[in-house]
Asks: 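Attaching a single structure in structure tokens format; questions to follow.
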Amino acid sequence: MDEKQIISRLNTEQAEAVRTAEGPLLILAGAGSGKTRVLVHRISYLINVLGVWPGSILAITFTNKAADEMKSRVEDLIGPDSGKIWVMTFHAACVRILRRHAEELGYTRYFTIYDSDDSLSVMKDIFKAKRIDTKRFREKQVLALISSAKNELVSPDRYAETAGKDFYSREVGSLYEEYQKRLLASNAMDFDDLIGKTIELFKRFPDILGLYQDKFRYLMVDEYQDTNTAQFSLISLLAEKYRNLCVVGDDDQSIYRFRGANIRNILNFEQIFPDAKVIRLEQNYRSTGNILEAANAVIRNNRGRKDKKLWTENEEGAQVRFRTFENGYEEADFAADEIRRSVSEGKASYRDYAVLYRTNAQSRLFEEKFIFRSIPYKLVGGVNFYARKEIKDLLAYLKTVNNAVDDLAVSRIVNVPKRGIGQTTMTKIQNFAYDGGLSLYDAAVRVGEISQISASAAGKVRSFTGFIERLREEAGQLSVSSLLKKVVEETGYKDMVKAQDDEETASDRLGNIEELVNKAVQYETQNENPTLSGFLEEVALIADIDSVSDGDDKVLLMTLHAAKGLEFPKVYMAGMEEGIFPGYMSINSEDALAAIEEERRLCYVGITRAEKLLTLMAARERMVRGNLERFPVSRFVREIPREMLESGKAPASRTRLSLPGSGPLGPAKAFAPSGKAAGGNAAFGRSFPGGRASGGLSGGGVSSVRKSANAPKPEAAKKTSAGAPSKGTLSYAVGDQVNHVKFGNGVVREIVDRKKDFEVAVDFPAWGTKRFLAAYANLKKVE
DNA sequence: GTGCCTGCTCACGGG
DNA sequence: GAGCAGGCAC
């Protein structure tokens with residue numbers, strides 16, 4: 001494709017952006033203004049017109065889905081050479097660099113990537129080991145602080161320095177240090193480390209940085225408004241030498257402040273790069289005039305944004321609709337009914353629709369109604385596939401084979417499925433590992449040297465390590481999927497699932513296992529050089545949204561966050577209520593102003609997803625965490641001038657809220673739906689406007705449901721009798737001194753002959769009298 | 001050693 | 001409403 005062809009497909013501003021190949025460039029790309037089009041054509045221009053070598057281009061996106069889309073569109077334009085371009089997410093690019101240079105930083109190239117669940121497990125272990133009072137510190141909170149520290153490039157050392165005398169900060173600092181120590185010992189990095197360690201690599205080894213600066217002479221960053229300080233620093237380092245940095249973003253769509261996104265990166269780009277060229281893309285090709293006007297009306301209430309106004313040549317289209325309902329059920333039913341009707345009348349396909357909401361918890365009602373009306377849908381988000389227990393277990397086997405010093409993976413699977421290696425044995429192995437500076441796995445291999453472990457327990461440990469050894473030997477010859485299948489078969493994992501779950505759950509989980517095997521096969525076919533660590537890496541970096549494909553004729557259900565970058569002919573935005581959206585957390589937050597502006601940007605993102613028809617929905621009352629709450633209509637709805645909204649009849653609803661005027665809101669601080677602020681008395685917590693205390697709804701009703709759900713099943717009796725140990729005889733009598741693993745030595749005070757076993761009462765000097773069943777207590781007579 | 005029950009806590013968004 | 005730690009029963 002030559003220059004003329006490329007330019008002919010673009011408008012004036014787009015063409016200018018494509019032609020600006022050298023120097024810093026900021027493209028302010030409004031929603032639906034064709035920014036992917038610009039990026040793709042810019043790459044084509046660099047290669048086809050300027051003769052740039054494809055391997056010297058690095059294009060960074062935030063999701064794999066965006067990267068894949070860009071890759072395939074570039075391939076359409078320039079052909080197979082496109083494979084040489086690095087089009088990938090921040091995290092993937094960093095992993096690729098780190099695998100090559102991990103040794104320099106004290107890791108091996110087989111390092112494991114920890115997701116947030118993994119990080120939480122590590123932190124819980126640390127809390128236990130350091131006996132941290134969980135009333136004063138919370139694991140998640142500490143992790144959040146560590147994460148923000150990493151996003152701001154604050155090392156444990158510097159954290160400790162700046163903590164000063166503040167007790168809390170000092171403690172967090174020491175937890176941060178310990179956390180990093182454990183990750184390094186496990187040859188593991190968390191998501192933030194992937195960025196941070198790459199920066200560390202570049203800063204400590206200027207020659208390595210130089211290598212990549214020379215390689216990536218042309219840098220492009222998509223969704224630039226969502227970069228955090230660390231990511232910005234990474235880009236700056238790479239761009240320092242040749243300064244060919246093109247960033248594309250929209251400050252109005254910055255919605256990831258909570259995970260460290262620094263909106264100043266885009267707002268101050270021209271200060272940081274004074275010679276930067278700025279190009280604005282303000283023509284929208286996606287939405288109707290009415291939808292765009294509504295979006296503009298909402299977003300103009302934000303301060304501190306770059307001035308811009310989207311416009312379109314598209315038709316005005318239908319008015320934006322606003323519907324109110326008695327409750328969340330009616331809201332969901334309305335959308336389901338409309339969708340089903342217009343599809344059955346042949347006016348639309350399921351894939352034309354998306355339902356967007358603020359929180360994942362809101363999806364349930366829609367799922368119910370969609371199932372009830374047989375509407376095919378796909379739920380994006382919620383519990384990530386790779387976060388499911390069975391998937392994490394099986395992957396932990398692969399991780400152990402790949403990186404045996406990953407203590408977290410080892411402790412996850414050492415007794416899953418059950419092989420009789422319980423907490424007691426594990427504690428002994430852990431102590432041995434700790435004393436000798438060994439990994440858990442190495443300690444387990446040397447189980448014979450641990451004197452307190454009985455021969456039978458040691459045998460069980462050996463059969464585990466033997467199994468891993470065999471897998472490791474075969475890993476060289478076997479494909480990833482064959483290795484995975486072997487793990488599933490030889491551990492008896494499926495039998496465990498069938499035995500411990502009810503039929504429906506078991507079939508779900510077995511399906512997930514099949515799905516994982518499929519993913520492994522898919523990975524092998526799609527990669528020229530498939531490796532075990534390559535597969536684990538791909539799996540670690542995948543996001544739920546990545547699985548959404550245009551092929552399925554399904555309604556999409558997802559959060560507003562997940563919807564960024566997507567577009568649909570018809571969009572429903574649910575839960576347009578004060579307290580839901582904007583959420584009460586932002587209304588009540590310390591910097592409510594900034595928090596609500598971020599919510600407003602989220603609303604803007606939602607509105608601009610719609611091409612032809614947008615429906616805003618609100619319910620008068622809804623169940624929030626088991627409590628019935630009432631919320632007024634969202635301020636965002638009120639920010640759209642009345643005459644722009646069509647608030648016609650809502651067939652599913654009998655009573656409708658009248659549309660409130662656009663006057664100022666009442667006191668925002670009134671929201672405290674969780675009841676926390678009221679010192680535990682839930683009735684006082686529900687202080688919604690005009691609130692009536694609907695006490696009594698939570699307690700009794702909920703627990704009676706739980707009871708009936710857990711009614712004993714007929715097979716319960718069978719299970720227990722099968723698993724019970726035999727009674728046998730005792731090696732000690734009343735008055736004897738005995739030893740217990742946890743409580744130490746004590747004196748037997750009483751032995752009672754129960755039907756199946758002896759009940760033994762023992763006096764311990766430090767613990768008082770404890771009662772055990774002999775078969776389980778494993779008491780040993782002290783001679 | 002393990003499974004089950006209970007009470008407690010937490011609770012927005014996600015790579 | 002859900003997930004989890006801790007206690008209890010077998």
Asks: In whole angstrom, what separates A:D118's CG from B:dG15's C1'?
Replies: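 After rounding, the gap between these two atoms is 13 Å.
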
Asks: Considering just the side-chain nitrogens and oxygens of A:N415, establish if one lies under 4.0 Å of OP1 or OP2 belonging to B:dT2.
Replies: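 Yes, within the criterion.
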
Asks: Restricting to salt bridge (charged side-chain N to carboxylate O under 4.0 Å, His left out), what partner residues turn up for A:K389, sequence neighbours left out?
Replies: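 Testing A:K389 for salt bridge (charged side-chain N to carboxylate O under 4.0 Å, His left out), a comparison that skips the adjacent residues, returns A:D393.
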
Asks: Rounding to a whole Å, what distance do you find between A:E139:CD and B:dC8:C1'?
Replies: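 Taking CD of A:E139 and C1' of B:dC8, I get 14 Å after rounding.
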
Asks: To the nearest Å, give me how far apart CZ (A:R364) and C1' (B:dA11) are.
Replies: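 The distance from CZ of A:R364 to C1' of B:dA11 comes to 15 Å, rounded to the nearest Å.
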
Asks: Quick check on DNA chain B: between A:R419 and A:E599, whose nearest nucleotide comes earlier from the 5' end?
Replies: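 Closer to the 5' end of DNA chain B: A:R419.
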
Asks: For A:K389 and C:dG3, give me the distance from atom NZ to atom P, rounded to whole Å.
Replies: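 About 13 Å, once rounded to whole Å.
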
Asks: Heavy atoms only, 4.0 Å cut-off, all strands: where does A:K124 land among base, sugar-phosphate and nothing?
Replies: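 Sugar-phosphate contact only - A:K124 comes under 4.0 Å of backbone atoms but never of a base.
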
Asks: So if I take every side-chain heavy atom of A:H561 and compare against C:dC4, B:dG15, B:dG13, which nucleotide ends up nearest?
Replies: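 Selected nucleotide: B:dG13.
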
Asks: Does the side chain of A:T559 get closer than 4.0 angstrom to OP1 or OP2 of B:dG14 through an N or O atom?
Replies: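 A:T559 to B:dG14 OP1/OP2: side-chain N or O found under 4.0 Å.
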
Asks: Mind checking if A:F90 touches a base, just sugar-phosphate, or nothing, with heavy atoms under 4.0 Å?
Replies: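 Nothing: the residue A:F90, judged by heavy atoms under 4.0 Å, touches no strand.
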
Asks: Within 45 degrees of the ring normal and closer than 6.0 Å to the centroid, is that where the cationic atom of A:R99 sits relative to A:F111?
Replies: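 Geometry flag: set, cation within 6.0 Å and 45°.
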
Asks: By nearest nucleotide on DNA chain B, pick out whichever of A:S116 and A:M585 is the more 5' one.
Replies: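 Nearer the 5' end of the strand: A:M585.
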
Asks: Indicate whether A:F258 forms a stack on B:dG13; treat it as stacked only if centroid distance is below 5.5 angstrom and interplanar angle below 30 degrees.
Replies: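 Per 5.5 Å and 30° rule: yes, stacked.
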
Asks: Answer with base, sugar-phosphate or nothing: what part of the nucleic acid does A:G583 contact at a heavy-atom distance below 4.0 Å?
Replies: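 Answer is nothing: A:G583 stays at 4.0 Å or more from every strand.
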
Asks: Does A:K564 put a side-chain nitrogen or oxygen below 4.0 Å from OP1 or OP2 of B:dG14?
Replies: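 Checking A:K564 against B:dG14: no side-chain N or O falls below 4.0 Å of OP1 or OP2.
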
Asks: Given atom CG of A:L541 and atom C1' of B:dG15, what is their separation to the nearest angstrom?
Replies: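 So the CG-C1' distance, A:L541 to B:dG15, works out to 8 Å.
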
Asks: With a cut-off of less than 4.0 Å, is there a side-chain N or O of A:K418 near OP1 or OP2 of B:dG3?
Replies: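 Yes, because at least one side-chain N or O of A:K418 sits under 4.0 Å from OP1 or OP2 of B:dG3.
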
Asks: Over how many whole Å does the gap from A:L234 atom CG to B:dG15 atom P extend?
Replies: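 The answer, rounded to whole Å, is 19 Å.
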
Asks: What is the separation between atom NZ on A:K140 and atom P on C:dA5, rounded to the nearest whole Å?
Replies: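 My rounded result for the distance is 11 Å.
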
Asks: The side chain of A:H91 is closest to which nucleotide in this list: B:dG1, B:dG15, C:dC4?
Replies: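 Nearest to the side-chain atoms of A:H91, counting from C-beta on, is B:dG15.
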
Asks: Where the side chain of A:T424 is concerned, which of B:dG1, C:dC4, B:dG15 is the nearest nucleotide?
Replies: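 Within the option list, the nearest is B:dG1.
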
Asks: So does A:N360 get a side-chain nitrogen or oxygen closer than 4.0 Å to the phosphate oxygens (OP1/OP2) of B:dG14?
Replies: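 Result: yes.
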
Asks: Both conditions, 6.0 Å and 45 degrees, for the charged tip of A:R601 above the ring of A:Y604: are they met here?
Replies: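 No, cation not above the ring by the 6.0 Å, 45° rule.
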
Asks: If you apply the rule side chain to side chain donor-acceptor pair (under 3.5 Å), what do you find for A:Y179 with A:D190, and how did you get there?
Replies: CA-CA 10 Å; A:Y179 173 79; A:D190 65 19; 2.9 Å; yes

Asks: To the nearest angstrom, how far is A:D222 atom CG from B:dG15 atom C1'?
Replies: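 Between C1' of B:dG15 and CG of A:D222: 15 Å.
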
Asks: Taking only residues two or more places apart in sequence, or in another chain, which ones meet A:D591 in a salt bridge (charged side-chain N to carboxylate O under 4.0 Å, His left out)?
Replies: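 So A:D591 forms a salt bridge (charged side-chain N to carboxylate O under 4.0 Å, His left out) with A:R257.
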
Asks: Could you check A:N228, A:T229, A:D193, A:D192 and say which one makes a side-chain hydrogen bond (donor to acceptor under 3.5 Å, both in side chains) with A:K150?
Replies: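 It is A:D193, the one option of A:N228, A:T229, A:D193, A:D192 that forms the side-chain hydrogen bond (donor to acceptor under 3.5 Å, both in side chains) with A:K150.
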
Asks: A:R138 side chain N/O closer than 4.0 Å to the phosphate oxygens (OP1, OP2) of B:dC10?
Replies: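 Indeed, a polar side-chain atom of A:R138 lies that close.
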
Asks: Remember a base hit wins even if backbone is also touched, and classify A:D115 as base, sugar-phosphate or nothing at under 4.0 Å, heavy atoms.
Replies: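 A:D115: no heavy atom of the nucleic acid under 4.0 Å.
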
